[in-house]
Amino acid sequence: MTSGRQRAQKWGAMPLPIHNVRRKPGLEPRRNAAAAISEELRESPQLATEKIGLGAVPRAVVALGMVSFFMDISSEIIHSLLPAFLVTALGVSALSVGVIEGIAEATASISKVLSGAISDWIGKRKPLVLLGYGLAALTKPLFPLAGNAGVVLLARFVDRIGKGIRGAPRDALVADVTPPELRGSAFGLRQSMDTVGAFVGPLLAMLLMAASSDNFRLVFWVAVIPAAAAVLVVIYSVQEPAVPHGDERRRFPIQRAELVQLNTEFWWLVGVATILTLARFSEAFLLLAAERAGMALALIPGVLVTMNIVYAASAYPFGRRSDRMSRRTLLLIGVGILIAADIVLATAGTVWQVVMGAAIWGLHMGATQGLLSALVVGTAPAHLRGTAFGFYSLITGAALLAASVVAGWLWTAFGPAATFMAGALFAGLALIGIVLRASPEGEGASASNRN
């Protein structure tokens, strides 16, 4: 049986050192904080149960969660109103809205790969995280100033470039500063804080529109404030660990000699996540299901609010649980929850059934999204984490686009039941894929020492 350190060397994902931290007596002078926590947790299973909690999550992860929270509030205030603003205030056609959104999302997916690879290449994550959030913040004043669709297109284009730039380096940074035994908790917490912003933003938009007598531009100006707060948190509260052998010359990761180090376990995980994404098409279909069931138009956004509340409330508990039990088993549970959501939505005949289906959908998101990020870390070498997250995001993002197109065709041709049953079928295929192949990181906190 191999030791935890041997497994860690095999998987090539030891935590990066952190300087300027208080070191515990008896530890080697150069040992980093994450490794110190890891050693304590490995030495005592009882201590592990006590320490794996919110207080043990690194401060940098909490700070990144706050950054996501503020930026999501800002972005969702704008995005929840943008289609109506384009059509009513600027006289833009629905086709133009679709083109703007399509260009923006495609740009984000491509830039994720490049930014992740660059962060591995230069050995630094924070500059790219700051650049990504900074670009997003700089675009926010363009929305209230926009006099035509071209300005909005420019703002959305730059905003999505910013999102793409920050995504992979941010997730890699979470892995860098967090010991393996806490990665599920860390990714779950960051995802939870991000999702809180995703439903607080639209709620604020509704309140601000009511208070300002539907003054789009004034509400857009308010959205600038949380965006600026996000950038300030990155600057002053996100600390990056020093990289060992930082002066060594690095190869650019996007080349054959480097990419072969992303082994079959990583690509298997990407394959499973891609099939799962095909089962989880755009959440716009939840809104369509609510409208089909007869929900009042003014209340339809409440479906997404419900989903995101459940998502935010469950992401951290599921992440914490993944540090204590088999991550493979937890992923199976998460996929099973999605199948249940699809069945409820496929058979929904009332508004309350749709709301219940949306809540179960949010529970699935809470169970799987942070977990999948932790599994990506478990299959990628430490020096290729950014690249791995970039490719993972690109491929699953393309799958989401394809899934939404197929779901729209099924909805039009056969109705909502066919759309959601097809989702359940794809989720079943993902379930089979997980069962047939052993998970690379698989068996909970003890197995996570491989990283």
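The figures that follow rest on heavy atoms only: side chains count, while hydrogens, waters and symmetry mates do not. Just so you know, residue 1 is the first one in the sequence shown, and it goes up from there. Quantities reported herein were computed from a predicted structural model and do not represent experimental measurements.
Nearest heavy-atom pair across V354 and A289 is CG2-O, 3.7 Å. Across every non-hydrogen atom of V174 and R190, the tightest pair is CG2-CD, 4.2 Å. Between P226 and S74, the shortest heavy-atom distance links the atoms CG-CB, 3.8 Å. Of all heavy-atom pairs between L81 and F216, the closest is O-CE2, 3.8 Å. Of all non-hydrogen atoms in V310 and G362, the two that sit nearest each other are CG1-C, 3.9 Å. Nearest heavy-atom pair across F187 and A175 is CZ-N, 4.2 Å.
Under a 4.0 Å N-O distance rule, the pair R166/D171 does not qualify as a salt bridge. Classification of D323 and R320 as a salt-bridged pair fails, no side-chain N sitting under 4.0 Å from a carboxylate O.
T387 places none of its side-chain heavy atoms less than 4.5 Å from the side chain of S119. Between P381 and L262, the closest side-chain pair of non-hydrogen atoms falls below 4.5 Å. Within the 4.5 Å cutoff, the side chain of I395 has heavy atoms near those of the W267 side chain. S212 places a side-chain heavy atom less than 4.5 Å from the side chain of V219. Using a 4.5 Å heavy-atom threshold, the side chains of Q239 and V177 count as separate. Annotation: side chain of Q191 is in contact with side chain of D194 (closest heavy-atom distance under 4.5 Å). No side-chain heavy atom of M71 sits under 4.5 Å from any side-chain heavy atom of K163. Counting only heavy atoms from C-beta outward, the side chains of V200 and D72 never approach each other to under 4.5 Å.
In this structure a side-chain-to-backbone donor-acceptor pair under 3.5 Å is present from K126 to I235. Within the 3.5 Å criterion, the main-chain N or O of V376 finds a donor-acceptor partner in the side chain of T379. A donor-acceptor pair under 3.5 Å links the side-chain atoms of N148 to the main chain of V151, judged by distance alone. Between the N263 side chain and the F266 main chain, a donor and an acceptor come within less than 3.5 Å of each other.
Between W409 and F414, the ring center distance clears the sub-6.0 Å criterion. Annotation: F85 is in aromatic contact with F220 [ring centroid separation under 6.0 Å].
The CD1 atom of I77 sits 13.0 Å away from atom CE of M206, with the distance rounded to the nearest 0.5 Å. For the atom pair E76 CD and L304 CG, the distance stands at 9.0 Å (nearest 0.5 Å). Here W361 contributes atom CH2 and L338 contributes atom CG; the two are 6.0 Å apart, rounded to the nearest 0.5 Å.
Heavy atoms of other residues, nucleotides or ligands lying less than 6.0 angstrom from CE of M356 number 12 at most. Shown here is R59, whose CZ atom has no more than 12 heavy atoms of other residues, nucleotides or ligands within 6.0 Å.
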Inset, instruction - For the pair T178 and R183, evaluate side-chain hydrogen bond (donor to acceptor under 3.5 Å, both in side chains) and give the outcome as yes or no after the intermediate values. - result: CA-CA 6 Å; T178 307; R183 283 195 185 130; 6.0 Å; no

